[in-house]
Amino acid sequence: MYKQGKFIIAEKKAIAKGIFDITVLCPEIAAETMPGQFAQVAAEGFFLRRPISICEVDRDKGTIRLVFEVRGHGTDKISQLAKGSLVDIIAPLGKSFTVLEKGKKAICIGGGIGTPPMVEIAKAYGENATVISGFRSANAVILQEDFKANGNKTILCTDDGTAGIKGFVTDALSSELAKEKPDIIYACGPMMMLKGVTQIAAENGIYCEVSLEQRMACGVGACLVCVCRTVKNGEEFNSHVCKDGPVFDSKEVVFE
Amino acid sequence: MYKQGKFIIAEKKAIAKGIFDITVLCPEIAAETMPGQFAQVAAEGFFLRRPISICEVDRDKGTIRLVFEVRGHGTDKISQLAKGSLVDIIAPLGKSFTVLEKGKKAICIGGGIGTPPMVEIAKAYGENATVISGFRSANAVILQEDFKANGNKTILCTDDGTAGIKGFVTDALSSELAKEKPDIIYACGPMMMLKGVTQIAAENGIYCEVSLEQRMACGVGACLVCVCRTVKNGEEFNSHVCKDGPVFDSKEVVFE
Amino acid sequence: MNRLSVNFCGVQFKNPVIPASGTFGYGREYEQFYPLSRLGGISVKGTTLNRREGNPGPRVAETPSGMLNSVGLQNGGVKKFLEYEMPNLVTKDTRIIANIAGATVEECAELASMLEGSAVDLIELNISCPNVKAGGAAFGTDCTVAGQVTRAVKDATTKPLMVKLSPNVTSITDIAKSVEANGADAVSLINTLLGMRIDIKTGRPILKNNVGGLSGPAVFPVAVRMVWQVANAVKIPVMGMGGVATWEDAVEIMMAGASAVQVGAAIFNDPYTPIKIIDGLEKYCIDNNIDNISQIVGTVKPW
Amino acid sequence: MNRLSVNFCGVQFKNPVIPASGTFGYGREYEQFYPLSRLGGISVKGTTLNRREGNPGPRVAETPSGMLNSVGLQNGGVKKFLEYEMPNLVTKDTRIIANIAGATVEECAELASMLEGSAVDLIELNISCPNVKAGGAAFGTDCTVAGQVTRAVKDATTKPLMVKLSPNVTSITDIAKSVEANGADAVSLINTLLGMRIDIKTGRPILKNNVGGLSGPAVFPVAVRMVWQVANAVKIPVMGMGGVATWEDAVEIMMAGASAVQVGAAIFNDPYTPIKIIDGLEKYCIDNNIDNISQIVGTVKPW
Ligand SMILES: Cc1cc2nc3c(=O)[nH]c(=O)nc-3n(C[C@H](O)[C@H](O)[C@H](O)COP(=O)(O)OP(=O)(O)OC[C@H]3O[C@@H](n4cnc5c(N)ncnc54)[C@H](O)[C@@H]3O)c2cc1C
Ligand SMILES: Cc1cc2nc3c(=O)[nH]c(=O)nc-3n(C[C@H](O)[C@H](O)[C@H](O)COP(=O)(O)OP(=O)(O)OC[C@H]3O[C@@H](n4cnc5c(N)ncnc54)[C@H](O)[C@@H]3O)c2cc1C
Ligand SMILES: Cc1cc2nc3c(=O)[nH]c(=O)nc-3n(C[C@H](O)[C@H](O)[C@H](O)COP(=O)(O)O)c2cc1C
Ligand SMILES: Cc1cc2nc3c(=O)[nH]c(=O)nc-3n(C[C@H](O)[C@H](O)[C@H](O)COP(=O)(O)O)c2cc1C
Ligand code: FES
Ligand code: FES
């Protein structure tokens with residue numbers, strides 16, 4: 001069930017330059033959220049809501065966590081909400097990642113602001129998940145402590161080598177696969193990265209799920225604006241990121 | 001000189017149901033404001049500014065006071081501004097009341113939310129001013145203490161007799177004039193009231209100034225939307241409340 | 001007392017509030033928020049003869065107090081609508097408005113005839129979609145063509161026919177009169193205004209279709225004006241829409257001449273918008289001693 | 001380096017930012033905020049042959065992200081403009097655009113000829129005012145009439161002639177082509193969209209004129225679309241306006257095809273809007289290594 005409401009911001013902090021981390025108290029939503037789902041967040045003075053992945057869920061505390069970057073005026077407005085004030089969200093939205101049974105191994109790959117949705121899914125695998133995260137530079141690195149708290153193995157890459165390995169997450173993925181093949185790969189980040197990950201997963205015969213982005217209006221599947229090209233049984237057709245996704249079987253995504 | 005800026009709200013209080021009183025720290029504006037002038041107040045999320053009379057000026061503290069009623073969504077938004085936050089205003093705007101030399105006597109008449117602009121002008125006359133204020137009912141009465149602090153004589157009327165005299169300010173004015181004639185009359189309030197006051201003043205041969213309202217856009221005299229009908233030397237023409245007014249010689253106003 | 005029930009060209013609606021075509025799908029998603037039976041009706045997503053994939057994405061761009069869309073009538077085609085959506089919709093205890101769009105006059109007529117025998121309550125002929133190459137706005141911006149397609153559809157159906165008008169015209173009253181003269185039982189307006197946004201970082205239009213249809217509160221004053229003009233120019237009832245977001249907006253557009261109201265883009269901002277409007281209208285009637293909301297229709301007194 | 005100076009149909013502007021006609025008077029009021037010499041130019045209040053009182057008030061209504069106005073060309077007449085305003089304006093070191101509006105073709109021509117010999121840099125022929133009964137939008141919504149009045153004015157003046165177009169038309173490109181073919185040196189667009197608001201408490205239109213012109217950010221996407229269409233349809237330069245409120249908006253409408261930009265209603269919200277846009281454009285040029293802002297004009301790459 002979709003829920004819409006104004007909920008209290010229980011925690012708020014900046015975790016990197018222009019990247020904010022808010023914890024929202026909304027037990028009804030927290031109770032139903034699955035890893036990979038997202039929220040439609042209202043920005044006062046702006047007509048459309050902003051889709052933000054649900055980074056982490058705490059069912060006991062009844063909270064969800066949203067980690068987002070200020071990209072334009074809307075996310076800037078949301079970032080100005082103070083702890084204790086209300087944020088208007090619709091959640092949980094979209095298809096979640098497939099969670100395999102206990103004991104299976106996963107690699108979770110996050111590029112830049114595509115990292116947040118990896119926290120909750122990596123948590124499901126604990127020490128059986130390896131999280132590869134890539135950022136431009138050391139000062140953009142986020143969420144590594146959270147992955148460690150999950151018990152995940154972490155591999156950090158930066159484009160400029162100022163933190164972790166210098167290089168792309170796809171290189172790190174290839175090296176990992178050379179060592180050991182997981183049962184599933186999850187990825188979220190720029191289209192170029194997802195394309196690379198999809199290809200590597202296919203070459204290695206590993207099932208892979210990617211989380212896509214598209215501009216949205218309703219966020220629930222009614223307006224059909226958030227289109228992406230997908231393919232099934234050789235037939236190409238339009239899917240909608242908000243309802244058919246954001247998580248897709250990577251083989252079904254048409255990368256242009 | 002017109003000034004535009006974001007200024008700190010130094011004080012804020014509710015002085016009656018739905019009526020707010022804010023003190024804004026803006027020394028440059030306070031230094032130039034004359035009684036009867038107004039400010040164009042921005043309401044976040046609304047395109048047009050709201051014209052609000054400057055109720056009182058404290059040149060020493062560098063503050064101006066705005067007293068306004070929540071009428072619609074814009075004033076509602078302004079009323080939500082907390083003490084310590086910024087309010088975006090353009091001021092001082094418009095023609096002020098004529099202030100006669102020391103020793104002259106004045107009657108100041110305010111109807112409802114037309115009362116605030118009387119505070120500063122009545123202050124100029126101290127004990128030589130009689131302030132007649134009219135309200136719907138006791139719970140709408142505002143600013144009586146401020147007039148007393150000015151040293152003004154106050155006459156309070158309510159439509160329903162729940163405070164002061166039961167009756168209209170025009171009745172009170174007539175009784176006052178029967179006793180003693182002032183050198184000048186100032187009035188602000190509903191058009192019906194201003195029409196009545198204008199007529200009584202004319203019958204008694206007393207110079208009278210009225211402060212008018214009209215919907216505004218620029219507030220400075222450039223866009224010509226805030227039209228009102230005026231007459232001079234027998235010729236009727238359009239004047240503009242924001243620049244030619246809000247204060248007009250009552251003989252020059254065409255009441256429909 | 002049923003203060004909100006309205007009769008709109010022979011169809012009885014429990015209230016005059018109807019989600020607008022293309023903004024509510026077939027109700028399946030919004031049913032998760034509230035029962036569809038609360039609504040006066042639903043104007044379903046534009047339906048074409050064959051399945052359409054619509055335009056490539058991005059299909060949406062935000063604008064001040066509004067948005068552009070360039071969906072381009074993506075839908076499963078009329079057969080899928082009849083076989084998959086109608087059986088579900090008929091169980092929802094609300095009126096069903098089928099929004100149809102053909103690429104040719106014949107297609108429009110064929111679409112209408114295919115709805116014969118279905119439980120569709122009212123046909124809304126969309127001659128105003130700005131996002132398709134054939135049909136759409138090409139029909140809705142020319143009096144003669146608008147009249148022809150109306151006539152063809154009217155002849156093909158026994159259901160009440162409402163024609164949806166485009167605001168992108170010099171004289172919407174001329175178009176309205178032409179469709180009235182050719183058998184329309186009602187008109188609905190406005191569809192979206194054609195607009196464009198450019199991403200200044202990339203120098204590319206935000207919409208892959210370059211241009212798209214503007215809707216949301218930004219267009220409300222244009223909608224009120226057009227509803228007022230059209231209501232004064234024709235005798236058939238007007239279904240008003242364009243930027244309605246609050247019950248006050250609904251009252252305003254009804255005073256301008258709309259007998260019922262569609263609500264579109266505002267739903268994206270707040271999914272409960274239609275429900276809030278219904279509740280607001282109910283309270284408005286009670287507070288103002290109005291027996292039935294229809295009494296306010298067209299009551300604006302021009303100066 | 002003068003990154004912002006633009007040549008607009010032969011007239012050199014120090015920057016492409018110009019307050020729009022009717023929103024800035026003759027500059028006297030806004031001079032209290034900043035020197036007029038900062039501005040590329042000023043398009044002054046619409047001028048008619050004789051003094052006009054305009055429409056009765058209220059003349060303004062707020063709308064979501066915009067406003068309606070129904071001023072109706074109140075002005076002191078062309079003689080007063082020449083005698084009282086021009087001597088002041090010429091001292092301001094900025095370009096002067098005279099905005100003229102006649103009730104008849106002859107009046108338009110007469111107005112233009114009266115400006116001969118004055119220091120007016122550019123004539124903006126307003127054939128799109130929605131708030132007057134004669135002339136105005138009646139000229140601007142018909143290709144033939146628009147062409148005729150353009151021709152008549154062009155024949156009456158040696159000054160560059162810019163024709164201001166109405167957005168309330170089915171095809172703005174047709175009108176633009178017609179005025180181009182009849183001698184216009186430039187076009188400016190958009191004037192206001194016709195809209196209406198009703199006070200639901202009184203059941204009366206808010207504007208005493210019932211309807212009025214919509215402007216402000218709400219109309220920006222429509223303006224960008226029309227500027228793009230017109231710039232691609234004619235060879236003469238386009239002065240773009242309609243909802244421009246930030247330097248980003250200015251860049252966007254210039255990318256769409258505007259060689260210069262007018263800024264109107266946004267000034268009411270923030271009197272410094274034109275200055276902020278100028279400063280923003282300057283910084284934009286520096287940040288992006290653009291030698292002259294004209295290089296971005298019409299650079300949008302459609303998909
Ligand atoms: C399913 C999903 C999950 C996301 N999760 C996150 C997250 O966890 N953290 C995070 O920082 N960002 C996330 N994003 C991206 C985020 O939605 C955009 O950065 C944000 O919408 C930009 O809004 P703005 O006001 O800053 O930008 P503006 O450019 O001012 O926005 C203008 C319009 O474009 C839309 N828009 C612009 N960029 C994007 C984009 N990349 N994706 C979708 N819409 C866009 C906005 O929503 C708005 O409607 C997610 C996007 C999607 C689709
Ligand atoms: C010179 C002047 C001085 C004023 N001084 C005061 C004052 O000291 N205290 C006070 O409470 N009120 C004062 N008013 C009235 C005040 O401006 C309106 O109550 C206010 O604009 C209403 O805004 P809103 O958002 O509440 O109403 P809405 O109805 O939501 O406003 C919609 C639009 O109409 C305009 N509008 C609505 N009513 C009025 C009105 N009566 N006058 C002008 N514009 C209006 C608004 O400014 C806005 O543009 C004054 C008005 C003028 C012209
Ligand atoms: C995303 C979207 C899709 C739309 N699809 C259709 C459609 O299929 N058929 C149609 O007649 N109108 C369609 N419209 C137009 C709306 O029904 C409505 O006329 C318009 O949006 C104005 O109303 P609003 O401002 O309340 O949204 C669509 C509008 C939007 C925003
Ligand atoms: C109050 C007001 C008065 C106007 N008067 C005129 C006018 O006299 N002549 C004219 O050509 N346009 C006039 N306009 C239209 C503007 O010049 C401009 O075309 C329109 O407002 C769109 O730009 P904007 O959205 O930036 O305001 C007026 C607009 C407003 C808001
Ligand atoms: S955003 Fe409406 S269908 Fe996806
Ligand atoms: S509000 Fe612009 S002239 Fe008065």
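Labels below follow one simple rule: chain letters A, B, ... track the order of the sequence lines, proteins then strands, and each chain is numbered from 1.
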- Message: Between A:G45, A:A217, A:C226, who has the most heavy-atom pairs with chain C when the cutoff is under 4.5 Å?
- Response: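 Between A:G45, A:A217, A:C226, the count favours A:A217.
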
Counting only non-hydrogen atoms closer than 4.5 Å, does [X] touch chain A with its backbone (N, CA, C, O), its side chain (CB onward), both, or neither?
X      : value
C:P56  : backbone
C:N55  : backbone
C:Y30  : side chain
C:A265 : both

Let me know if [X] has heavy atoms under 4.5 Å from chain C in its side chain, its backbone, both or neither.
X      : answer
A:H240 : side chain
A:K243 : side chain
A:Q4   : both
A:R215 : both

- Query: What residue, out of C:Q74, C:K208, C:R28, has the most heavy-atom pairs lying under 4.5 Å from chain A?
  - Reply: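 The candidate making the most pairs under 4.5 Å is C:Q74.
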
- Query: Any cation-pi pair here, C:K276 with C:Y272, using under 6.0 Å and within 45°?
  - Reply: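 Because its charged atom misses either the 6.0 Å distance or the 45° angle limit, C:K276 does not stack over C:Y272.
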
- Message: Check A:R65 with A:D58, please: is the shortest side-chain N to carboxylate O separation under 4.0 Å?
- Response: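 Result for this pair is no, no salt bridge flagged.
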
